[in-house]
Structures are given as C-alpha cells and as structure tokens.
Amino acid sequence: MVALILGILFIAFTVFSVLPSMPLAWGDEVVYFLKGFLPCFSAFIGLIAILIGFADIKDKSEAKKEEREAQRQE
C-alpha cells in the first residue's frame, strides 16, 4: 500500500514539474537530459545484449558437449 501511494506521489510530482504551466516548468531540462541520456543508455543496453549473447553461445556449446559425453557413456 505504501509503494502504491509513493508511486502515485512520484508520478504527480513528475507531471507537476514537467508541465509548462506549472511553477517548476522543467520540461526543457527533461528533454535535454533525455537527449544526452538515451544514446548512452542504448549503448549500455547493446553491450548487455552482446554479453548475454556470448553467454548463451557458451552455454549451448557446453550443453552439446555434455550431451556427447552422456551418449558416449551409454
């Protein structure tokens, strides 16, 4: 229940701070932040995806190796 209330409060603050008709009017700053943050974030996500891909390839090769060893023992 506390998490739900906090979530609603944070969303309300976000809307309050971004709208141009409100006193804070941080909309332009948020856009500048997103312009700088998104390329870095996408590069980070790409790096994570590459690492997951390598780990998946390694796991598949190890699974094939174990399968061959299990067939040899039978």
Side-chain angles (χ1 to χ4, degrees):
M1 186 68 176
V2 174
L4 179 64
I5 293 170
L6 281 175
I8 291 170
L9 286 174
F10 279 119
I11 294 295
F13 173 74
T14 302
V15 171
F16 175 77
S17 65
V18 172
L19 288 178
S21 61
M22 295 296 176
L24 292 176
W26 289 347
D28 293 336
E29 287 83 2
V30 171
V31 171
Y32 291 138
F33 171 76
L34 290 175
K35 283 182 180 179
F37 174 73
L38 286 178
C40 297
F41 184 67
S42 65
F44 177 71
I45 295 299
L47 180 63
I48 296 294
I50 289 171
L51 293 174
I52 290 172
F54 281 142
D56 187 41
I57 291 170
K58 185 178 175 183
D59 288 343
K60 284 182 182 179
S61 68
E62 287 178 9
K64 284 182 184 179
K65 209 183 276 186
E66 289 176 4
E67 246 180 63
R68 281 182 265 174
E69 288 177 11
Q71 286 177 354
R72 286 181 190 166
Q73 290 178 355
E74 290 177 0

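The structure presented is a predicted model; accordingly, all values stated were derived computationally and were not measured. Below, each value reflects all heavy atoms present in this structure, side chains not excepted, and no hydrogens, waters or symmetry copies.
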Membership question, hydrophobic clusters at under 4.5 Å side-chain separation (ILVMFWY): are [Y] and [X] in the same one?
X	Y	value
W26	V15	yes
L6	I8	no
F10	L4	no
I5	I11	no
L47	L38	no

Checklist entry - At their closest point, which heavy atom of A25 faces which heavy atom of P20, and how far apart are they? => result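 Taking every non-hydrogen atom into account, CB-O, 3.9 Å.
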Item to check | Minimum-distance pair of heavy atoms, taken over all atoms of S42 and P39 | outcome: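 Answer, listing the atom of S42 first, then P39: OG-O, 2.9 Å.
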Checklist entry - Can you tell if the side chain of L9 reaches within under 4.5 Å of the side chain of F13, non-hydrogen atoms only? => result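 Answer no - side chains too far apart.
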Checklist entry - In Å, rounded to the nearest 0.5 Å, how long is the span from CD1 of I52 to CG of D56? => result 9.5 Å
Checklist entry - Measuring from E67:CD to E69:CD, what's the distance to the nearest 0.5 Å? => result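 These two atoms lie 11.0 Å from each other.
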Item to check | Qualifying ring-ring contact (aromatic ring centres under 6.0 Å, His included) pairs, either residue in residues 27-49, two or more places apart | outcome: F33-F37, F37-F41
